[in-house]
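Here is the structure we will look at, set down as structure tokens.
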Amino acid sequence: MQIHTFRHSNNKNLDYLVKNNNQKQAIILFHGYGASMQDLYDLNQISTQYDWYFPQGTMELMGNMSRAWFPINEQALQAAMMQGTHRDLSQEHPEGLEENVELTGAFIKSLGYESVVIGGFSQGAMLSSHLLGELDSRLKGCVLFSGNLISEPSLAKKLAEAKNKEVAIYQSHGTRDPILGFNGALRLEKLLKDSGFAVEFHEFQGQHEIPMTVIQSWALFMQRCLL
């Protein structure tokens, strides 16, 4: 796998992997906290009707194999998990979120495809939700695997002002997710719907993961709504 680099005008770089199928539409997927651009790469096997892009988180945790899009309070997360509860992230606006929305948004626009689908897992899903209000009519779909509502005031404003609300949104979440609470996913779904977006929500009896049942239902969703 060859690593490519997008160089933004503000001197910020974004590394990424690509699976080129010589198509006019593309899927861009963002990995979660502590993973890398290789983490979701195998999902490209779902369809050859897209070109696939997998950007690398801009925040280095432990080298190139452990990256993030913005920092998290790991101590608070561990404490909540030990207590069997979940942190409410809705009012948190982490450092680096807006910078990465700008960077990834510019990257997606630079690709020049007729249509694009964005999405990601966990923190990558949170980033994707904030990109919904940034992209033009070329955005046809968004997939949110095990994400959560974060920075609600900022996101609500972006969604209310979004010019393209015809985006097909697929959202999934495990009812026993110990890291990002199921309730936070439901609150994100409600905000999206209240803002005028259609959401297909899939809950599953699992934890912080993308099970095969979700991959299969997402593939059907793409065939039904996007292809």
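Throughout, residue positions are numbered sequentially from 1 according to the sequence presented.
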Using a cut-off of 6.0 Å, state whether more than 12 heavy atoms not belonging to Glu98 lie near its atom CD.
->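 Atom CD in Glu98 is packed in, count exceeds 12.
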
Just wondering, are more than 12 heavy atoms of other shown residues or ligands nearer than 6.0 Å to CD in Glu95?
->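 No - once you tally the heavy atoms of other residues, nucleotides and ligands closer than 6.0 Å, there are 12 at most.
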
Knowing that exactly one of Phe197, Phe201, Phe221 qualifies, which makes a ring-ring contact (aromatic ring centres under 6.0 Å, His included) with Tyr170?
->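 Among Phe197, Phe201, Phe221, the one that satisfies the ring-ring contact (aromatic ring centres under 6.0 Å, His included) with Tyr170 is Phe221.
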
For a ring-ring contact (aromatic ring centres under 6.0 Å, His included) with His31, tell me which candidate from Trp69, Phe121, Phe145, Phe54 qualifies.
->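 By the ring-ring contact (aromatic ring centres under 6.0 Å, His included) criterion, His31 pairs with just one of Trp69, Phe121, Phe145, Phe54: Trp69.
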
Hey, would you say the Phe107 and Tyr16 ring centroids sit under 6.0 Å apart?
->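 Under 6.0 Å, so yes.
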
Under-4.0 Å salt bridge between [X] and [Y]:
X	Y	result
Asp88	Arg187	yes
Glu114	Lys140	no
Arg176	Glu209	no

Examine the side chains of [X] and [Y] and answer whether a donor and an acceptor come within less than 3.5 Å of each other.
X	Y	result
Asn21	Tyr50	no
Asn100	Thr58	yes
Thr175	Gln205	yes
Thr5	Asp15	yes

Check whether any side-chain heavy atom of Leu155 sits under 4.5 Å from a side-chain heavy atom of Ser129, and report yes or no.
->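 When only atoms from C-beta onward are counted, Ser129 and Leu155 do touch, with a gap below 4.5 Å.
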
Can you tell me how far the CD atom of Gln216 sits from the NE2 atom of His202, to the nearest 0.5 Å?
->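 Going from the CD atom of Gln216 to the NE2 atom of His202 covers 12.0 Å.
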
